[in-house]
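Convention: sequence-line order gives letters A, B, ...; per-chain numbering from 1. These values consider heavy atoms only, across backbone and side chains, with no hydrogens, waters or symmetry-generated copies. Predicted model only: the values in this text are computed from it and were never measured.
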There are 12 protein chains.
Amino acid sequence: MKSTLPNEALRTVGEALQGSLVDLIDLSLVAKQIHWNVVGPRFRSIHLQLDEVVDTARSYTDTVAERASALGIPPDGRSATVFQGSAVSPVPEGWLPDSDAVRTMVAALASVIAKARERMAAVGPVDPVTEDIFIQLTGELEKAHWMFQAENG
Amino acid sequence: MKSTLPNEALRTVGEALQGSLVDLIDLSLVAKQIHWNVVGPRFRSIHLQLDEVVDTARSYTDTVAERASALGIPPDGRSATVFQGSAVSPVPEGWLPDSDAVRTMVAALASVIAKARERMAAVGPVDPVTEDIFIQLTGELEKAHWMFQAENG
Amino acid sequence: MKSTLPNEALRTVGEALQGSLVDLIDLSLVAKQIHWNVVGPRFRSIHLQLDEVVDTARSYTDTVAERASALGIPPDGRSATVFQGSAVSPVPEGWLPDSDAVRTMVAALASVIAKARERMAAVGPVDPVTEDIFIQLTGELEKAHWMFQAENG
Amino acid sequence: MKSTLPNEALRTVGEALQGSLVDLIDLSLVAKQIHWNVVGPRFRSIHLQLDEVVDTARSYTDTVAERASALGIPPDGRSATVFQGSAVSPVPEGWLPDSDAVRTMVAALASVIAKARERMAAVGPVDPVTEDIFIQLTGELEKAHWMFQAENG
Amino acid sequence: MKSTLPNEALRTVGEALQGSLVDLIDLSLVAKQIHWNVVGPRFRSIHLQLDEVVDTARSYTDTVAERASALGIPPDGRSATVFQGSAVSPVPEGWLPDSDAVRTMVAALASVIAKARERMAAVGPVDPVTEDIFIQLTGELEKAHWMFQAENG
Amino acid sequence: MKSTLPNEALRTVGEALQGSLVDLIDLSLVAKQIHWNVVGPRFRSIHLQLDEVVDTARSYTDTVAERASALGIPPDGRSATVFQGSAVSPVPEGWLPDSDAVRTMVAALASVIAKARERMAAVGPVDPVTEDIFIQLTGELEKAHWMFQAENG
Amino acid sequence: MKSTLPNEALRTVGEALQGSLVDLIDLSLVAKQIHWNVVGPRFRSIHLQLDEVVDTARSYTDTVAERASALGIPPDGRSATVFQGSAVSPVPEGWLPDSDAVRTMVAALASVIAKARERMAAVGPVDPVTEDIFIQLTGELEKAHWMFQAENG
Amino acid sequence: MKSTLPNEALRTVGEALQGSLVDLIDLSLVAKQIHWNVVGPRFRSIHLQLDEVVDTARSYTDTVAERASALGIPPDGRSATVFQGSAVSPVPEGWLPDSDAVRTMVAALASVIAKARERMAAVGPVDPVTEDIFIQLTGELEKAHWMFQAENG
Amino acid sequence: MKSTLPNEALRTVGEALQGSLVDLIDLSLVAKQIHWNVVGPRFRSIHLQLDEVVDTARSYTDTVAERASALGIPPDGRSATVFQGSAVSPVPEGWLPDSDAVRTMVAALASVIAKARERMAAVGPVDPVTEDIFIQLTGELEKAHWMFQAENG
Amino acid sequence: MKSTLPNEALRTVGEALQGSLVDLIDLSLVAKQIHWNVVGPRFRSIHLQLDEVVDTARSYTDTVAERASALGIPPDGRSATVFQGSAVSPVPEGWLPDSDAVRTMVAALASVIAKARERMAAVGPVDPVTEDIFIQLTGELEKAHWMFQAENG
Amino acid sequence: MKSTLPNEALRTVGEALQGSLVDLIDLSLVAKQIHWNVVGPRFRSIHLQLDEVVDTARSYTDTVAERASALGIPPDGRSATVFQGSAVSPVPEGWLPDSDAVRTMVAALASVIAKARERMAAVGPVDPVTEDIFIQLTGELEKAHWMFQAENG
Amino acid sequence: MKSTLPNEALRTVGEALQGSLVDLIDLSLVAKQIHWNVVGPRFRSIHLQLDEVVDTARSYTDTVAERASALGIPPDGRSATVFQGSAVSPVPEGWLPDSDAVRTMVAALASVIAKARERMAAVGPVDPVTEDIFIQLTGELEKAHWMFQAENG
């Protein structure tokens, strides 16, 4: 597939998109995992809030992967790749008290945001179109990050 | 959490739901992977058809996991669990010609259906409510299976 | 096309689905026929009620035929097949007074329900997925049957 | 029922509407039959395109039959009448390769269009309201005819 | 205002549109009057059916009047003009038994249809665009006429 | 029909509702008349604004007439009654410059409002339910009155 | 909970709201009971009309109960309270011919309206906000009352 | 009314449906009662969650009662019957702290689920259509049961 | 602009509307301020509940201001006027714990309700249309007041 | 591609459709050009009115081109063809005062209408289906023509 | 609250967001003020156009404030802060002729745009996510600015 | 019209926007041309895919032209300008086999993307708001480019 970007730019952009794809898939799995396992007086509130993170993560997963395809880079979102490459720390098995759930999500979002900000900086000079995706994504993740922080505020 | 099912029933039902949860998450990842990587004269058609499988898989993922929770069994849908336990064979990396894409999906669906039929039979005698979920799920998967078979018919 | 059911089960399920497909197509034609030809003080009420039967019949026609396809059995819904195989008795030509319309529909629905209950029983032991379709269908038809009976109650 | 048309006009218009009613019901049955039985690399594309023909045929079936009723002519859309009077040639039983499906639909549409153009000419001098229905119907059928021709273009 | 039609055509078209405007406004007032005053076992059915006539009448009132304006003929839909020029016979004051309501509507629709068919014939040779409006309108009125006739059928 | 109001109250309420019904039907006819005949640089703006008055008038016509029926008073909205009893002054025939259109609407609304305020005062002591309809109606009419006044402000 | 009304007003308003809450819950149960048990040539028409009463009753049940809460009065809508305090006469068990169904609803609505008018009068001098709820409610109930009366008109 | 089930089956199915109808009506009343009376830091969350139970209960009330009617058994959902026959324990009067609200709902749901499971088992051998309604209903109730348990988890 | 109210009435009504306009704008600013600054375990719940207050306040701001305009009184909703004339006490700067947020809203709503009840009483004798706006507004504010009180109940 | 029309009819119909396609594309470009460049006190009104013309022109562009395809005539809507063959006079570059905008649109619409009426007459005797498209199109254009004329009336 | 930005960046971004929050709240108040007070032949047009500015301003108010919160900076949108810090010049009290309204809005938008461009430049080097919000906001405001300029063009 | 940009910036931005406007209009015409003329086994798939390009091109045409207007630069989208200035190569007349259609679109999109990337680079330093439009546009075009490339992959 012929790319509209020169080769050296492609490598930078490709690594950023692939890395982010893996993080976002894992973030959606983690958020669903807690959505099903959270317990405590804030159950309903956190349960619903987590599905908003899932929606954001799934929507950007598609945006990021299709951006890679659009540039001629085949994206890799298979479970083995996700399991081995995600920036999100593993979450515990079983029922999760609501304050632990909030803490876990604050940490998971912080990891993904840190990586996204690095990638935003890396792709900026070579492809403003991809950079713009990271800008939008970072804004959404930082909003979600605030909302979980505020729960424990 | 107090279950509305007796203990021996719970083990059977729990294994069936947990096994299916893992299969369905992996099916959604595989379908998305091909959605992004398929090439060839049927690109658009297969690309769209795959997103219907993703929708089905994601929707039943939630149904299956929340059925486990409703019975007092904490579901496990983390990436490590998915990677290690899925019934779906690994798919190749990179661009995928459309007829390979169709063949891969026929095989993936066949594996998940075979497991779902076993679990449907296992849970039937102990919990008709869970059985009903497997009945609905199997019907949907068999419809998708036909549609990919018909593509190569 | 490769089926997910073993061969002996296929024959039972295939006969049940094909028989029901023919009944449902004819039921939709009969209900439309009366929808256009009913007259009398209950015209508007019966005219509208019949379109609900048409919607139900058309929707299950598709469900039943696609279930056959999903199992690898090619469905046959051609006019010759419908004309020769339907369980619904022929309806008279021309304008139809509203109480005759109601009586005709009660009888037509009763015939289709009787066959559907037989098929539900036949497929139950070999394919719970197809059985479930007959269960849903029978429930809908019995509700329509009550509503026409109640009109003459 | 008192008609707003004089008697001699009624006979012409009645024959045209009754003939078209039968063709359109059979066209909807044929299109559904192929919708369920088509196979080949264009399966999904043709499967969806056929449901658009079904929608058109069903919608005009109602328009044509209710126009007959509005003029005081009881329409006849029973399966026996359809089977015996349709302009559409019988279609083969069983799975149908996609290029055969396209060819069959081009031929079926061509037959129904030829009859519709004759009826449009016949009713024009005696009832412009019915003529207008045939004009709209012919336009829709010719559009569908082009789209199936283009598939084999 | 400059018309896109020649002067002699304008007079014919103008008379047809103005006459029809008055009939349709009165038809909408009559249908609403009965909508509020009907009583008897078919109250609800007739009450609802009448509002469909009101919708049709109001919608074509606008179509007809704006067609006149589009041709440079100022339409006149004032109450005095309606009262003095309508083709619809006056309806009685006060509560109206449902069979009288049906009979009154059959008669009112028959009058408006007769005039519409005359006007359709008159404008045909000079303006096919206006003729088309009368064709559509007549079709809608004849459908409503059938439905009230069928109530007493 | 048995009323939920005592007889003396009924006469007062009946006169108020009947009077308002006539005013509102005529207001809707006048607003439509100007909607079709207005010309000038504000054509589009006034044309659209008038349809909002038509919507308000038609909606309250129904409310007022059905309130009469609900109290056992048969409402009279026939064209003869409207022509003879409306509080709205006749409007001129033919094209109407936009500032005349605005002036005419300000005057028409002022007449209907004045009557509505009298009726609101009359019915208040005998039926708060009917009074509430006049309160809502007056509020809507006064809002429309301001908006046409502001046009000439 | 601190009320925005003085204490003596609270008692009057509280009694009115609590009484009405009980009537409305019972009205919704009675209308559903007949919705399921009505038979006869008007079955469909009455069946649908009753669900509109159910919607009205349920919607005002919420309005009335939340108004009590808003004023600091805990509402009581438990089945024992409803059974013991309702103004609606008991309805017979089993299938109900359509004219009996209409008569029963006319009587039930008349009882609830009579009580609502008393409560509207009682609360008017002490809380116009609560009075307004009774005004709206009475208007809706009187409209439903007319529609069932008209059925037997 | 003629049933599509034999007599002995009817008695079993009739008792199950009638018993469940009563439970579900009472569950909807209890959930509304707490919806209006709950107080505490989880007020808004519980208040909203309860309306979802109300929606489920009301929707299955209709399904269950209309299933009875469809089989020729007149359902009984009158307040006296509900008060005397419900499986739900009485709830206290007045404001209810949120953790009591949660505990009350867990208990109420557990009672209704236990009965529904018994009825599901009883009707299974005689009517799979009714059994399927109990399967769906039990699944919904067990999901709600989990969600209230998780609140206190 | 010519008013439909006499002069002395205008002054009373004008003061009430202007005062309420200022209170409602400030209420919307205060609710948004807390919407952004609330922290604590009820963050999400309170954050969402506050936006409902913002919607109510903004919607009545428009109703109240346009009522003034409709009566010929120019409304004043500029920031200086709001800052100087609001009945709502200033709220603290910065992050706000959730229980303080609830307390602040209870107090703010109580102030605005007290003023609204005074104005409702003042305008009642001179303009029932404006009074009705205050009745509706007070009902809405008292409902919001209860919901924040119940949070701390 | 095989046409459903005879050859001599095809030439007439083909010329009419191709000519109209070019006019309509250019009309949509001209209307957009003025939509962006109009200035003056009627800016907003004309800006919005022009987008309605764009919608009409684009929608009929598709109808006309697909009618050509449906008859086996390949339509030509390329920019060179449009530039060389349009019936619309060139419009000036740059900002356009609103009264010039209105005058320009009246003239552009008049040109396109005159051609459409010629084509409607030409195709009438050979293809009523295509004639009907020109009838609908002419009606829409004449309505737009009136609305711009009325602006300067 | 822990920020994802370093401290020095936070100060710059915080000042930009806080300044813009104040401007946008005031812009929404000013636009509403003129929405209610504008008079003249363009009343309706300007009245509607202003509500689009209100929607834009309110929507970005939320975006800007929640961006501050997301970065750990508590936003301040209280009326005192708005009154004292807004970039928008005060608008006159009372009815406002439409050309003054347009001029006032052109000036108000120009002030807010100038500030937004300064802030866009300031935050660009330290936070591309916040910069992107200013880019979107400036684009929207410049579009509104053009539309008001064009009104006077 | 007064611009919010300094003069030297305006020239750069103006040339970029005007150039892009012409490319996008021509792209929409080319995509529609092929939409109507494509033939072959992928007809339906390509036909639908092309309308998505038309939607994208039309939507950005408006965005780009209104951005020019917003900056005080009158946009030029007349057919002569498009014909003479487009970056898209002319497409052949008549029916177009589907693989030629795909190749033509890949080439057309590549040309427009190349120009858009140059303009994005040119405007970046002088107006980030316009740059952002080019970034979004380029992203959309590159996605479409991938999808047509994948068809031939």
Side-chain angles (χ1 to χ4, degrees), chain C residues 1 17-18 21-40 43 47 50-51 54-55 57-59 61-96 104 108, chain D residues 1 17-18 21-40 43 47 50-51 54-55 57-59 61-96 104 108:
Chain C
M1 219 166 278
L17 289 168
Q18 176 58 37
L21 174 59
V22 162
D23 286 4
L24 287 165
I25 292 176
D26 206 28
L27 182 64
S28 77
L29 295 180
V30 161
K32 265 294 180 199
Q33 173 72 7
I34 307 182
H35 173 78
W36 300 319
N37 284 285
V38 63
V39 293
F43 161 74
H47 180 76
L50 284 159
D51 252 3
V54 173
D55 286 351
R58 284 182 178 168
S59 156
T61 294
D62 227 55
T63 302
V64 157
E66 301 203 336
R67 179 68 193 149
S69 293
L71 292 170
I73 310 157
D76 182 351
R78 298 169 302 162
S79 56
T81 316
V82 172
F83 165 60
Q84 286 149 6
S86 163
V88 184
S89 305
V91 292
E93 199 183 357
W95 306 122
L96 198 68
T104 308
Chain D
M1 219 167 277
L17 290 168
Q18 176 59 36
L21 174 58
V22 162
D23 287 4
L24 288 165
I25 292 175
D26 206 28
L27 182 64
S28 77
L29 296 180
V30 161
K32 266 293 180 200
Q33 172 72 8
I34 307 181
H35 174 79
W36 300 320
N37 284 285
V38 63
V39 293
F43 161 75
H47 181 76
L50 283 159
D51 251 3
V54 173
D55 286 350
R58 283 182 178 168
S59 155
T61 293
D62 226 55
T63 302
V64 157
E66 300 204 334
R67 179 68 193 148
S69 293
L71 292 170
I73 309 158
D76 182 352
R78 299 169 300 163
S79 57
T81 316
V82 172
F83 165 58
Q84 287 149 7
S86 163
V88 184
S89 304
V91 292
E93 199 182 357
W95 306 121
L96 198 67
T104 308

Proximal to chain C - members of residues 85-93 of chain D, heavy-atom separation under 4.5 Å: D:V91, D:P92, D:E93
Set of side chain to side chain contact (heavy atoms under 4.5 Å, CB included) partners for D:S28, sequence neighbours left out: D:A57, D:R58
Nearest atoms (heavy-atom pairs only) where C:W36 meets D:T61: CH2-CG2, 3.6 Å
Least distance between heavy atoms, C:P74 atom then C:G72 atom: CD-O, 3.7 Å
Side chain to side chain contact (heavy atoms under 4.5 Å, CB included) between C:V39 and D:M1, worked out: CA-CA 10 Å; C:V39 293; D:M1 219 167 277; 3.5 Å; yes
Side chain to side chain contact (heavy atoms under 4.5 Å, CB included) partners of D:V64, counting only residues at least two apart: D:L17, D:S20, D:L21, D:L24, D:I133
Heavy-atom proximity to chain D below 4.5 Å, by part of C:T81: neither
Atom pair CH2 (C:W95) and CD1 (C:I34), whose distance is rounded to the nearest 0.5 Å: 13.5 Å
Chain D interface, residue from C:A80, C:G94, C:P75 that has the most non-hydrogen pairs under 4.5 Å: C:P75
Top of C:D62, C:L29, C:L96 for chain D proximity - count of heavy-atom pairs under 4.5 angstrom: C:D62
Residue pairs passing the salt bridge (charged side-chain N to carboxylate O under 4.0 Å, His left out) test where at least one lies in residues 68-84 of chain D, sequence neighbours excluded: D:D76-D:R78
Interatomic spacing from CG in D:L71 to CD in D:E66 - rounded to 0.5 Å: 12.0 Å
Partner chain D: residue of C:V82, C:I73, C:I25 with the largest heavy-atom pair count (under 4.5 Å): C:I73
